[in-house]
Amino acid sequence: MKVAIVTESFLPRVNGVTNSVCRILEHLAARGHEALVIAPGPGPNAHAGQTVRPVPGIALPFYRSFVVGLPTRQVAATLRAFQPDVVHLASPLVLGASGAAAARRLDVPAVAVFQTDIAGFARRYGLRGTDPIIWSWLRRVHEQAARTLAPSTPTLQELERRGIPRLALWARGVDHARFHPRHRSAGLRARLAPAGETLVGYVGRLAAEKRPELLARLADLPGTRLVVAGDGPEERRLRRLLPDAVFTGFLTGTELSELVASLDVFVHTGADETFCQAVQEGLAAGVPVVAPAAGGPLDLVRPGVSGLLYPPDDGDALRAAVAALVAGPELRLQLGAQAHRSVQNRSWTAVCAELVAHYDEVRGVAPLGRVA
């Protein structure tokens with residue numbers, strides 16, 4: 001089939017939306033489908049042999065790495081020329097809204113993937129009281145889709161509560177080659193914890209919506225070394241808050257694989273996650289996870305089985321959960337092994353095959369029956 005993907009984010013910007021779109025493109029290309037990507041520029045002209053058409057974008061003044069694509073007539077013209085069988089709207093907001101409208105005018109079914117909690121994002125950046133406006137806009141966009149896919153059960157329930165129609169669950173995959181216990185590195189551990197400290201790590205964007213300032217509650221935990229991997233607008237402030245932590249910067253490839261697998265405890269602090277790919281990668285690497293009891297992590301972390309959950313705004317509970325794992329090396333090993341097993345059925349191949357099944361259903365070549 002021919003799939004047009006209109007995405008709010010794409011390379012060279014790396015985030016959950018970009019990662020998902022790249023894996024989808026690779027899956028489609030490997031199975032003989034033709035895809036076209038419309039994304040905010042500047043960026044590459046192709047990925048996995050599939051064409052990418054950049055459109056003008058502007059960076060948010062308070063978050064320069066977050067680029068918003070501008071709706072232009074180019075979106076409708078590009079879709080009309082491509083003649084897709086289905087339009088995939090990746091985390092639609094502004095550019096995705098124009099993609100949804102164009103798909104409707106062309107009488108092409110659209111599958112919208114809800115991936116970013118925009119209302120939560122706005123609150124973290126001080127835009128209080130904007131929830132009704134944001135949800136009204138999102139509802140208008142998603143009403144134009146033949147199906148909206150939610151990445152986790154809590155997110156699906158929230159979308160139902162907000163009046164988003166035609167919902168189904170679609171999770172995310174994990175790269176089992178990149179995130180695996182075999183990447184644990186004794187050499188890296190010796191460099192990061194020369195005195196044999198327990199390694200407690202955070203991997204993700206250093207931005208307000210991730211609430212990394214909560215890591216300060218772990219700064220003086222006895223017998224530990226805190227490792228922070230990632231970059232973002234909060235990095236300078238975090239370095240002041242955590243003078244003894246190791247800041248690795250943004251990591252990819254082998255460096256990221258080794259770091260995640262070499263941790264003893266994986267910590268996440270964001271409370272507005274619709275899924276949380278970083279948590280899933282920590283689990284796949286065989287590391288017990290401590291995460292907020294909110295959003296996507298509720299589907300991923302089984303308390304006492306693959307990790308621990310804490311009330312999202314309770315820094316003392318976060319510290320207590322990490323301390324319990326630091327004090328129990330046998331418990332860490334047990335939870336880590338079960339964490340690894342818990343995501344073994346979450347390959348990108350399996351997850352993308354589910355997505356293609358959704359495409360087939362909305363375009364009428366497979367029986368319906370998934371919609372909530």
Pair Glu234-Lys210, salt bridge (charged side-chain N to carboxylate O under 4.0 Å, His left out): steps then yes or no: CA-CA 10 Å; Glu234 293 291 299; Lys210 301 295 185 182; over 6 Å; no
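- Sequence neighbours left out, the pairs with a member in residues 170-187 that pass salt bridge (Lys or Arg N to Asp or Glu O under 4.0 Å) are Arg184-Asp264.
- Between Thr269 and Tyr310, the closest side-chain pair of non-hydrogen atoms falls below 4.5 Å.
- With salt bridges taken as basic N to acidic carboxylate O contacts below 4.0 Å, none links Glu143 and Arg140.
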Derivation of the side-chain hydrogen bond (donor to acceptor under 3.5 Å, both in side chains) call for Thr18 and Ser9: CA-CA 6 Å; Thr18 297; Ser9 185; 3.2 Å; yes
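- With hydrogens and angles ignored, the 3.5 Å screen pairs no side-chain donor or acceptor of Gln115 with any backbone N or O of Val113.
- Considering all non-hydrogen atoms of both residues, Glu8 and Ser91 come closest at CG-O, 2.8 Å.
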Step-by-step side chain to side chain contact (heavy atoms under 4.5 Å, CB included) determination, Gln338 to Arg302: CA-CA 10 Å; Gln338 294 177 123; Arg302 292 183 61 194; over 6 Å; no
With a 3.5 Å cut-off and sequence neighbours excluded, list the donor-acceptor pairs that the side chains of residues 284-293 form with protein atoms.
none

Stepwise side-chain hydrogen bond (donor to acceptor under 3.5 Å, both in side chains) check, Gln277 with Gln280: CA-CA 5 Å; Gln277 184 70 355; Gln280 182 167 249; 3.2 Å; yes
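- Classification of the Trp170-His88 ring pair by plane angle, with boundaries at 30° and 60°, yields perpendicular.
- Under a hydrophobic-cluster definition in which Ile, Leu, Val, Met, Phe, Trp and Tyr are linked whenever side-chain heavy atoms come within less than 4.5 Å, directly or via other members, Leu226 and Val322 are assigned to the same cluster.
- The salt bridge (Lys or Arg N to Asp or Glu O under 4.0 Å) pairs that include a residue from residues 90-101 number zero, where partners must be two or more places apart or lie in different chains.
- Checking side-chain atoms of Ser98 against main-chain N and O of Leu95 turns up a donor-acceptor pair under 3.5 Å.
- The list of salt bridge (Lys or Arg N to Asp or Glu O under 4.0 Å) pairs with a residue in residues 97-119, not counting sequence neighbours, is empty.
- How far CD1 of Ile38 is from CZ of Phe82: 9.0 Å, rounded to the nearest 0.5 Å.
- A donor-acceptor pair under 3.5 Å is absent between the side-chain atoms of Arg123 and the main chain of Glu209, judged by distance alone.
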Name every donor-acceptor pair, under 3.5 Å, that has one atom in a side chain of residues 40-59 and the other anywhere in the protein, sequence neighbours excluded.
from, atom 1, to, atom 2, distance (Å)
His47, NE2, Glu26, OE2, 2.9
Gln50, OE1, Ala35, N, 3.1
Gln50, NE2, His33, O, 3.2

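- Between His27 and Val356, the closest side-chain pair of non-hydrogen atoms falls below 4.5 Å.
- Taking every heavy atom of both residues into account, Ala90 and Val17 meet most closely at CB-CG1, 4.2 Å.
- Listed for the Thr7 side chain is no donor-acceptor partner under 3.5 Å among the backbone atoms of Phe10.
- At a threshold of 4.5 Å between non-hydrogen side-chain atoms, the residues Pro194 and Arg225 count as touching.
- Put simply, Leu256 and Val228 are part of two different groups of oily side chains (I, L, V, M, F, W, Y) that touch within less than 4.5 Å, one to the next.
- Between the CG atom in Leu11 and the SG atom in Cys22 there is a gap of 4.0 Å [rounded to 0.5 Å].
- When side chains are defined from C-beta on, Phe114 does not count as touching Leu156, because their heavy atoms never get closer than 4.5 Å.
- Using a cut-off of 4.0 Å between Lys/Arg side-chain N and Asp/Glu carboxylate O, Asp314 and Arg217 are scored as not salt-bridged.
- Two different hydrophobic clusters hold Leu300 and Val305 under the rule that ILVMFWY side chains link at heavy-atom gaps under 4.5 Å.
- A donor-acceptor contact shorter than 3.5 Å links the side chain of Ser20 to the backbone of Gly16.
- Taken to the nearest 0.5 Å, the CG atom of Leu28 stands 7.5 Å off from the CG atom of Leu355.
- Rounding to the nearest 0.5 Å places CG of Leu221 at 9.0 Å from OG1 of Thr198.
- Of all heavy-atom pairs between Leu215 and Leu242, the closest is O-CD2, 3.8 Å.
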Working for side chain to side chain contact (heavy atoms under 4.5 Å, CB included), residues Leu325 and Val200: CA-CA 10 Å; Leu325 293 180; Val200 178; over 6 Å; no
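- Using a 4.5 Å heavy-atom cutoff, the side chains of Arg80 and Val108 are not in contact.
- In this structure, Arg166 contributes its side chain and Thr148 its backbone to no donor-acceptor pair below 3.5 Å.
- A continuous path of ILVMFWY side-chain contacts below 4.5 Å connects Tyr359 to Val351, so both sit in one hydrophobic cluster.
- For His180, the ring pair (Phe, Tyr, Trp, His ring centres under 6.0 Å) partners two or more places apart in sequence, or in a different chain, are His340.
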Evaluation steps, side chain to side chain contact (heavy atoms under 4.5 Å, CB included), between Thr349 and Arg31: CA-CA 11 Å; Thr349 298; Arg31 283 148 187 82; 3.6 Å; yes
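- Contact check for Val203 versus Glu281: no side-chain heavy atoms found under the 4.5 Å cut-off.
- Neither Met1 nor Leu36 shares a network with the other; the hydrophobic side chains, linked directly or stepwise wherever heavy atoms of I, L, V, M, F, W or Y lie under 4.5 Å apart, form separate groups for each.
- Within the 3.5 Å criterion, the main-chain N or O of Arg162 finds a donor-acceptor partner in the side chain of Arg139.
- Rounded to the nearest 0.5 Å, atoms CG (Leu259) and CZ (Arg189) are 11.0 Å apart.
- No side-chain heavy atom of Phe179 sits less than 4.5 Å from a side-chain heavy atom of Val343.
- Using a 4.5 Å heavy-atom cutoff, the side chains of Gln144 and His142 are not in contact.
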Stepwise side chain to side chain contact (heavy atoms under 4.5 Å, CB included) check, Arg319 with Leu218: CA-CA 6 Å; Arg319 182 183 176 91; Leu218 309 175; 4.3 Å; yes
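- We find the CG-CZ distance between Asp299 and Phe275 to be 8.0 Å, quoted to the nearest 0.5 Å.
- Pairing each heavy atom of Gly230 with each of Leu206, the nearest pair is O-CD1, 3.4 Å.
- For Leu79 against Gly99, the heavy-atom pair with the smallest separation is CD1-O, 4.1 Å.
- Across all their heavy atoms, Trp135 and Ala119 have their closest contact at NE1-CB, 3.6 Å.
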